[in-house]
K.L.:
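Got a structure here, written out as structure tokens. Questions coming.
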There are 2 protein chains.
Amino acid sequence: MTQTDAKPAASGRRESRKMSRTHAALLEALLPLLEEKAFEQITVREITARAGVGYATFFRRYPDKEALLHDLAAQEIQNLLTMTLPIFHTADTTASTEALCAYVWKHRKLWRALLTGGAAATLKEEYLRLALLVAEEQMDTDAWLPVDLAVRFCVTALVETLSWWLKHDAPPDVHVMAGIVNRLAVQPVFLPAD
Amino acid sequence: MTQTDAKPAASGRRESRKMSRTHAALLEALLPLLEEKAFEQITVREITARAGVGYATFFRRYPDKEALLHDLAAQEIQNLLTMTLPIFHTADTTASTEALCAYVWKHRKLWRALLTGGAAATLKEEYLRLALLVAEEQMDTDAWLPVDLAVRFCVTALVETLSWWLKHDAPPDVHVMAGIVNRLAVQPVFLPAD
DNA sequence: CATAAAATGATATACTGTGTATCATATTTG
DNA sequence: CAAATATGATACACAGTATATCATTTTATG
């Protein structure tokens, strides 16, 4: 994910091997650190030390820690969103939900780091931002529930249930988890009956 | 809330008038700051400046910012939890949910500051901590949903919907909001039918 | 292969914020 | 009034961020 274009630098200039190595080293250094501690208390020094890269070099590529996290997560978030959207266009939401859970489970090492550390809040915000963009046009819930609240609820419930899943000691299998996600995060939005 | 026992200091020693004034000044200084910006980017210097209190004096009472926030919010969180619990012991959850929303609306100035700033995460954690303590004994959901996940979901959904409510420009009235909260945060846990 | 361009490492520096220590002053308590 | 103590002001050590500089290494190019 994101081997290229970390810092497009305006004009399309290629990334030398050296830059690529530095780039990859920083990305690969963050992941294990996210498994160890919360994102907020990871220092740039730790990242650069683990990456085997000079401290100042970090700021030549990223303006701050958050940019590195975004670079690491952006593509994965987009993927997850792409798998989330079909849920709201199908009569039977079960299949889509199960596909979503299967995807997360397949990439659970990455998602565990992204969701169970202190990075979760940042991740959720970015996810929410993208989701709200496509919500107005694509998603239509019943009038009793404002669309923006519906999106917020779904994303929040999804992130919460998934992070519970990924940090659980004896996690339910994909099918069972999909059922839970469906009932907690999806169905409530589509059950308008009073 | 919490005029007394901010720092029990082991042996029960009374709090002089001077201490009380300092104590109250700090608590009352945090609230307006929370309405202005996220908790993380509020500095101790700002708090003490607004409280009209020396910088070092802050650390004589609280070990850090978080302790002050906790002191400010602890009682309110307990109150909210007390109003939340009945929801899970009644057949008709509507009445309890409505009482909860009415309470939050009545204290909306405080809760808006607590939930819509960067303090929300800390608040939610504390709320969750207390809720999990009483969950095992009091709350019983259907077997398909692990109790700890049920509690996490409810608290998360509750905090999310309430903070949406409090930061909304034209917020729904208490009755309508109670209906939304009921459907999004409460019912999903109690609708076991497949 | 030689040379210019570019990225890096190492280091110094400015800055912000935290938390502690000290001491003179003001206030409370007995 | 006198002792105890809370406060204000200040200095300080410390950690982390972000920038700047320059010598060195690597890469690109003729």
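In what follows, chains carry the letters A, B, and so on, assigned in the order in which the sequence lines appear, proteins first and then strands, with residues in each chain numbered from 1. As the structure is a prediction and not an experimental result, all values here were calculated from the model.
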K.L.:
On DNA chain D, nearest-nucleotide positions of A/Lys18 versus A/Thr43: which is more 5'?
P.N.:
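Final value for this comparison: A/Thr43.
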
K.L.:
In terms of the nearest nucleotide of DNA chain D, which residue is placed more toward the 5' end: B/Thr57 or A/Tyr55?
P.N.:
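So the residue in question is B/Thr57.
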
K.L.:
5'-most contact on DNA chain C: B/Arg21 or A/Gly54, nearest heavy atom basis?
P.N.:
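Here A/Gly54 is the residue nearer the 5' end.
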
K.L.:
Quick one: are A/Glu160 and B/Arg152 in side-chain contact, heavy atoms under 4.5 Å?
P.N.:
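A/Glu160 vs B/Arg152: side chains touch.
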
K.L.:
Is B/Phe58 touching bases, backbone alone, or none of the nucleic acid, heavy atoms closer than 4.0 Å?
P.N.:
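The answer is nothing, as B/Phe58 stays clear of every strand by at least 4.0 Å.
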
K.L.:
How about B/His175: does its NE2 atom have over 12 heavy atoms from other parts shown lying under 6.0 Å from it?
P.N.:
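No - once you tally the heavy atoms of other residues, nucleotides and ligands closer than 6.0 Å, there are 12 at most.
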
K.L.:
Taking CD1 from B/Ile47 and C1' from D/dG8, how many angstroms apart are they, rounded to a whole number?
P.N.:
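The answer, rounded to whole Å, is 18 Å.
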
K.L.:
Knowing that exactly one of A/Leu26, A/Leu123, A/Leu27 qualifies, which makes a side chain to side chain contact (heavy atoms under 4.5 Å, CB included) with A/Leu72?
P.N.:
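Per the side chain to side chain contact (heavy atoms under 4.5 Å, CB included) rule, the option paired with A/Leu72 is A/Leu27, out of A/Leu26, A/Leu123, A/Leu27.
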
K.L.:
With a 3.5 Å cut-off and heavy atoms only, can you find an N or O donor on one side and an acceptor on the other between the side chain of B/Arg60 and the base of D/dG8?
P.N.:
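Yes, the side chain and the base share a sub-3.5 Å donor-acceptor pair.
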
K.L.:
Below 4.5 Å, heavy atoms only, C-beta onward: do A/Met177 and A/Trp164 meet side chain to side chain?
P.N.:
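Heavy-atom side-chain distance check passes, below 4.5 Å.
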
K.L.:
Counting only distance, no hydrogens or angles, is the base of C/dG19 paired donor-acceptor with the side chain of B/Tyr62 under 3.5 Å?
P.N.:
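Checked by distance alone, the answer is no.
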
K.L.:
Are any of A/Ser16's side-chain N or O atoms less than 4.0 Å away from OP1 or OP2 of D/dT27?
P.N.:
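Result: no.
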
K.L.:
Reckon B/Thr22 has a side-chain N or O less than 4.0 Å from the OP1 or OP2 of D/dT7?
P.N.:
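B/Thr22 to D/dT7 OP1/OP2: side-chain N or O found under 4.0 Å.
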
